[in-house]
Chemist: 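Just dropping this structure here.
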Amino acid sequence: MGAWLAHLPSAAVPKFHWRSGRALLLLCVSAVFACTALVLPERLTHLLGHRPLEIGQIVDQLRAEVNTLAQEKILPEQKSDDVLKQLSQLQQDSSGYDPSKTWEALDHIKQSNSDLAKQAAEEAEQKTESLTEAETLAKAMEQAADNGMEQATASQAAQDLASLLNAAKLEEGILNGKIPPELLQNLSGLDKEQMEKLVKALELNKTALSMTMSNLANWKMIDPAALAKCQNAGHIPNFAALAAYLSQCQGGHCNSEVLFSWLHKRGRGGPGGGGPEAPMDWDNNTSEDNLKFQAHALPPSSHLSDAQMVGVSKAAPQLSGDDASAQHGALDNAAASGGSAHAQVILPEHRQAVQKFFCAGRKVIWTVRWDDGLSDLWII
């Protein structure tokens, strides 16, 4: 092996070359991109592409609300067109880079629709009550006319009915109702055909108000409680007693206050009632003279230092007749009867507060059982 090893050539050391051009190029490009992203203003990034918000469902709901308000004549036609155009523009221009502006505009439209619906609900309830009162009086006049109501009474009731409808102001507000003027002109309580037409007109106005509230409730623009109030306001009370009262009036001397007391929904004073419904208005205010509280000096109270502690024990304390004296007060010589008491466990840290409360101005014997098993007996 030695001769063979002597003829072997010397080992050549391999050469290593680092091809860093591509890696350094990628590193420089990444660094330049990171620096550019940090330095580049945010407004220039919007030019890269448009990212709209997904508000299609909300916009469709608001469109339906606006169309409902316009259909019910609550929102003017010109105003509804402007709102619909605004919704389309918001959906087109909405951007994910600035969502607050879009949401603020949508909330404003939603709040405006809710305010209009709430105002319409309050107005519908008020007008429904007025229409119900007028309808009750009109039906009572129809029945009283069949029972022989006098002409003078019919004329007076017709005047009260006309004044009731005029005070309702059905033509004003956002929910416009209408009673044909010819029905209110020369209104006669004995004209059965005229009274039937008037009752139908009142029912049509009430039905229109009820349908409007139902449509608003279907789109959840008003709560179910507001719809229930409007429906309850349209309930016609029993008008038979009012018809009997009109039939019994002689010479047209019917008291208008009593007449309207039958129409208003007021308390009847107990189950079954009796007579006309009693008004419950705060009209006759009582005088406050000599009704103020009189100042009286309180008797001197005993101080805690005057209390005498009899003892401390784990069991209930036992007293003899010589240890304490009891005063019965107002219940002296009262008949004994069964009773019960609720014993509340008081924590030891509340001992001082309980002592101050029960020892203020009282001459009693009382026992407090504490949570640690001890009982205190105090004689004041």
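Side-chain atoms are counted along with the backbone in the values below, which use heavy atoms only and exclude waters and symmetry mates.
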Chemist: Counting only heavy atoms not in Lys118, do more than 12 fall under 6.0 Å of its NZ?
Modeler: no
Chemist: Could you grab the distance from atom CG of Leu69 to atom CH2 of Trp219, nearest 0.5 Å is fine?
Modeler: 11.5 Å
Chemist: Quick check: is Leu164 connected to Phe239 through a chain of hydrophobic side chains (ILVMFWY, heavy atoms under 4.5 Å apart)?
Modeler: no
Chemist: Search all heavy atoms of Leu161 against all heavy atoms of Ala134 and return the closest pair with its distance.
Modeler: CD1-O, 3.5 Å
Chemist: To the nearest 0.5 Å, what is the distance between CG (Asn113) and CD1 (Ile74)?
Modeler: 10.0 Å
Chemist: Honestly curious: do Val66 and Ile55 fall in one hydrophobic cluster under the side-chain, below-4.5 Å linking rule?
Modeler: yes
Chemist: Let me check something: any side-chain donor-acceptor pairs from residues 210-218 under 3.5 Å, sequence neighbours excluded? List them with distances.
Modeler:
{"from": "Thr212", "atom 1": "OG1", "to": "Glu72", "atom 2": "OE1", "distance (Å)": "2.8"}
{"from": "Thr212", "atom 1": "OG1", "to": "Ala208", "atom 2": "O", "distance (Å)": "2.9"}
{"from": "Ser214", "atom 1": "OG", "to": "Ser210", "atom 2": "O", "distance (Å)": "3.0"}
{"from": "Asn215", "atom 1": "ND2", "to": "Glu72", "atom 2": "OE2", "distance (Å)": "2.5"}
{"from": "Asn215", "atom 1": "ND2", "to": "Met211", "atom 2": "O", "distance (Å)": "3.3"}
{"from": "Asn218", "atom 1": "ND2", "to": "Ser214", "atom 2": "O", "distance (Å)": "3.1"}

Chemist: Are Met195 and Leu202 connected into the same hydrophobic cluster when the rule is that any two of I, L, V, M, F, W, Y join if their side-chain heavy atoms are below 4.5 Å apart?
Modeler: yes
Chemist: Between the side chains of Asp82 and Lys85, is the shortest nitrogen-to-carboxylate-oxygen separation below 4.0 Å, so that they form an ion pair?
Modeler: no
Chemist: Do Thr153 and Tyr245 come close enough that some side-chain heavy atom pair is under 4.5 Å?
Modeler: no
Chemist: Charged N to carboxylate O below 4.0 Å: is that the case for Lys139 and Glu203?
Modeler: yes
Chemist: For a quick check under 3.5 Å, do Gln159 and Ser163 share a side-chain donor-acceptor pair by atom type?
Modeler: no
Chemist: Clusters formed by hydrophobic residues whose side-chain heavy atoms approach within less than 4.5 Å: which one holds Val13, and what are its other members?
Modeler: none
Chemist: Do Leu75 and Thr68 pass the side-chain contact (heavy atoms from CB on, under 4.5 Å) test, and can you show the C-alpha distance, the side-chain angles, and the key distance before you say yes or no?
Modeler: CA-CA 9 Å; Leu75 187 65; Thr68 302; over 6 Å; no
Chemist: Report the distance from atom CD of Gln57 to atom CG of Leu62, rounding to the nearest 0.5 Å.
Modeler: 11.0 Å
Chemist: Under the 3.5 angstrom rule, does the side chain of Glu65 hit a backbone N or O of Lys110 as a donor-acceptor pair?
Modeler: no
Chemist: Heavy atoms only: give me the nearest Asn147-Ser247 pair and the separation to one decimal.
Modeler: CB-OG, 3.5 Å
Chemist: Between Thr102 and Ser94 (side chain of the first, backbone of the second, donor and acceptor by atom type, cut-off under 3.5 Å), is there such a pair?
Modeler: no
Chemist: Is there side-chain contact between Lys101 and Glu104, with heavy atoms separated by less than 4.5 Å?
Modeler: no
Chemist: Kindly compute the distance separating CG (Asp60) from CD (Gln91), expressed to the nearest 0.5 Å.
Modeler: 6.5 Å
Chemist: Take Asn67 and Gln71 through the side-chain contact (heavy atoms from CB on, under 4.5 Å) test and state the conclusion after the steps.
Modeler: CA-CA 6 Å; Asn67 291 329; Gln71 181 182 359; over 6 Å; no
Chemist: Are Leu175 and Leu170 close enough, and set up right, to give a side-chain contact (heavy atoms from CB on, under 4.5 Å), and what steps lead you there?
Modeler: CA-CA 8 Å; Leu175 294 176; Leu170 301 177; over 6 Å; no
Chemist: Distance alone, cut at 3.5 Å: any donor-acceptor contact between the side chains of Gln111 and Asp107?
Modeler: no
Chemist: Determine the minimum heavy-atom distance between Ala124 and Leu209, stating which atoms define it.
Modeler: O-CD1, 4.1 Å
Chemist: Got a salt bridge between Lys206 and Glu135, using NZ or NE/NH1/NH2 to carboxylate O under 4.0 Å?
Modeler: yes
Chemist: Does Val199 belong to the same Ile/Leu/Val/Met/Phe/Trp/Tyr cluster as Met141, with side-chain heavy atoms less than 4.5 Å apart forming each link?
Modeler: no
Chemist: Where do Ala243 and Ala144 come nearest, in terms of heavy atoms and distance?
Modeler: O-CB, 3.6 Å
Chemist: Without swapping roles, check the side chain of Glu142 against the backbone of Glu196 for a donor-acceptor pair under 3.5 Å.
Modeler: yes
Chemist: Ser112 side chain to His108 main-chain N or O, any donor-acceptor pair under 3.5 Å?
Modeler: no
Chemist: Between atom NZ of Lys79 and atom CG of Leu84, what is the distance when rounded to the nearest 0.5 Å?
Modeler: 11.5 Å
Chemist: Under a 3.5 Å cutoff, is there a donor and acceptor pairing between the side chains of Glu171 and Asn176?
Modeler: no
Chemist: Can you measure from CD (Glu123) to NZ (Lys169) and round to the nearest 0.5 angstrom?
Modeler: 11.5 Å
Chemist: Tell me the closest heavy-atom pair linking Ile222 and Ala121, and the distance in Å.
Modeler: CG2-CB, 4.1 Å
Chemist: So if you build clusters from Ile, Leu, Val, Met, Phe, Trp, Tyr with side-chain heavy-atom gaps below 4.5 Å, do Ile236 and Leu131 land together?
Modeler: no
Chemist: Taking Thr132 for the side chain and Thr128 for the main chain, is one N or O donor matched with an acceptor at less than 3.5 Å?
Modeler: yes
Chemist: Identify the heavy atoms of Gly177 and Asn205 that sit nearest to each other, and give their distance.
Modeler: CA-OD1, 3.3 Å
